J.: 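First the structure, which I've put down as structure tokens, then a few questions once you've had a look.
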Amino acid sequence: MRPKSENPVQQSSTGGTDASSATSIDPIFHILRIVPFSFLRPPKLRLKLPSFTLPSPNVVFALVLLTYFMVVSGIVYDIIVEPPGIGSTQDPYTGSVRPVVFMSGRVNGQYIIEGLSSGFMFVLGGIGIILLDLALDRNRAKTVKVSYASAGVSSVVLAYVMSMLFIRIKIPAYLR
């Protein structure tokens, strides 16, 4: 329950607004509030609200897929840490410098190309699952359903095999 104040303020007839501004005895306030509006009139504007159309479902899907790709690729890590695009190592036998795509042995570090290739494999697996879902549509021709199903299965299998290969390159003793 709200405590009562010692000096109750009178409320105007409009409800809970402060009546002191309307009944101020300050003549300068009265002049500043009333006089400008006696000869100035606000313009009658005919403004239209901007109308925009919603994007098509394909555009929304493409934006969501692109966002998913960037997130699983580690774009935030790449922006914060600024790792090199690709690494290099020296061959112990010939002494030549070889490019390295995967930062082997470091689970919490990556090169830019490593993140992009892993993100592509995750997106490929997701597209494969979407193709498998499209293959279940009863209104499609049988040949289209078979092609969707085969492309979906091959995409999911390829994404899984390549992701496991990437993990084995990254962590050499993983699942052995």
Side-chain angles (χ1 to χ4, degrees), residues 14-18 21 32-33 36-37 40-89 97-176:
T14 58
T17 60
D18 189 15
S21 65
L32 290 176
R33 185 175 171 145
F37 296 110
L40 292 176
R41 301 277 181 239
K44 294 182 180 179
L45 299 176
R46 295 185 187 106
L47 296 176
K48 291 183 180 179
L49 289 175
S51 63
F52 63 93
T53 59
L54 292 175
S56 69
N58 288 335
V59 171
V60 173
F61 173 72
L63 289 176
V64 168
L65 195 66
L66 180 68
T67 304
Y68 175 71
F69 172 72
M70 289 192 313
V71 168
V72 300
S73 294
I75 192 81
V76 176
Y77 174 83
D78 292 341
I79 290 172
I80 293 172
V81 177
E82 296 179 3
I86 195 166
S88 62
T89 184
V97 177
R98 298 182 323 164
V100 176
V101 177
F102 290 95
M103 195 178 288
S104 183
R106 287 196 52 203
V107 181
N108 58 352
Q110 71 177 18
Y111 295 123
I112 294 175
I113 297 298
E114 175 184 354
L116 292 176
S117 58
S118 297
F120 178 74
M121 288 303 140
F122 293 148
V123 168
L124 183 66
I127 289 175
I129 291 173
I130 292 170
L131 288 174
L132 287 172
D133 181 56
L134 289 175
L136 296 175
D137 190 11
R138 295 176 191 248
N139 297 328
R140 298 191 192 278
K142 186 171 182 166
T143 57
V144 174
K145 287 167 51 172
V146 167
S147 63
Y148 277 164
S150 62
V153 168
S154 62
S155 296
V156 169
V157 168
L158 179 68
Y160 175 75
V161 168
M162 292 303 291
S163 295
M164 290 305 292
L165 178 69
F166 290 170
I167 289 175
R168 288 201 177 119
I169 293 172
K170 184 96 173 148
I171 309 167
Y174 183 69
L175 292 179
R176 291 184 192 213

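Here the structure is a predicted model, which means the values were calculated and not measured.
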J.: List the atom of Ser104, the atom of Pro172, and the distance in Å for their closest heavy-atom pair.
T.: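 Heavy atoms only, the tightest pair is OG-CG, 3.9 Å.
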
J.: Would you say that Asp133 contacts Ile129 through its side chain, given a criterion of any heavy-atom pair below 4.5 Å between the two side chains?
T.: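 Contact flag for Asp133/Ile129 side chains = no.
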
J.: More than 12 heavy atoms of other residues, nucleotides or ligands under 6.0 Å from CZ of Phe120: yes or no?
T.: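 12 or below, so no.
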
J.: Which heavy-atom pair separates Ser118 from Phe166 by the least distance, and what is that distance?
T.: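 Minimum heavy-atom contact is OG-CD1, 3.7 Å.
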
J.: On a heavy-atom basis, which atom in Met121 and which in Ser163 lie closest, and how many Å separate them?
T.: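 Nearest heavy atoms, Met121 then Ser163: CB-OG, 3.7 Å.
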
J.: So which heavy atom on Tyr148 is nearest to which on Ala135, and how close?
T.: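 Scanning both residues, the minimum pair turns out to be CB-CB, 3.8 Å.
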
J.: Can you find a heavy atom in the side chain of Val123 that is under 4.5 Å from one in the side chain of Tyr68?
T.: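 Answer yes - side chains close enough.
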
J.: If we ignore hydrogens and angles and just use 3.5 Å, is the side chain of Lys170 paired with the main-chain N or O of Met103 as donor and acceptor?
T.: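 At least one qualifying donor-acceptor pair exists.
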
J.: Check Tyr77 against Gly109 and note the closest heavy-atom contact, atom names and distance.
T.: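 That would be OH-CA, 3.4 Å.
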
J.: Hey, does Ile127 have a side-chain heavy atom less than 4.5 Å from the side chain of Leu131?
T.: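 Heavy-atom side-chain distance check passes, below 4.5 Å.
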
J.: Restricting to non-hydrogen atoms, name the atom on Ser117 and the atom on Phe102 that form the minimum distance, rounded to 0.1 Å.
T.: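 Looking at all heavy atoms of both residues, the shortest contact is OG-CZ, 4.4 Å.
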
J.: Do the side chains of Met164 and Val161 get nearer than 4.5 Å, heavy atoms only?
T.: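 Val161 vs Met164: side chains apart.
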
J.: Verify side-chain contact (heavy atoms from CB on, under 4.5 Å) between Leu136 and Leu132, making sure each step is shown before the conclusion.
T.: CA-CA 7 Å; Leu136 296 175; Leu132 287 172; over 6 Å; no

J.: Would you confirm whether Glu114, through its side chain, and Val100, through its main-chain N or O, come within 3.5 Å as a donor-acceptor pair?
T.: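 No; judged by distance alone, with no hydrogens or angles, the pair does not exist.
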
J.: Give a yes or no on whether the backbone of Val144 and the side-chain of Ser147 come within a donor-acceptor separation of less than 3.5 Å.
T.: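 Yes; judged by distance alone, with no hydrogens or angles, the pair exists.
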
J.: Using 0.5 Å steps for rounding, measure from the CD1 atom of Ile113 to the CD1 atom of Ile86.
T.: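 Rounded to the nearest 0.5 Å, the CD1-CD1 separation comes out at 6.0 Å.
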
J.: Answer yes or no: is there a side-chain heavy-atom contact under 4.5 Å between Gln110 and Val81?
T.: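 With C-beta onward as the side chain, the pair stays apart.
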
J.: Could you check whether atom CG of Leu45 has more than 12 heavy atoms from other residues, nucleotides or ligands sitting under 6.0 Å from it?
T.: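 Yes, CG of Leu45 has more than 12 neighbouring heavy atoms, counting only those of other groups under 6.0 Å.
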
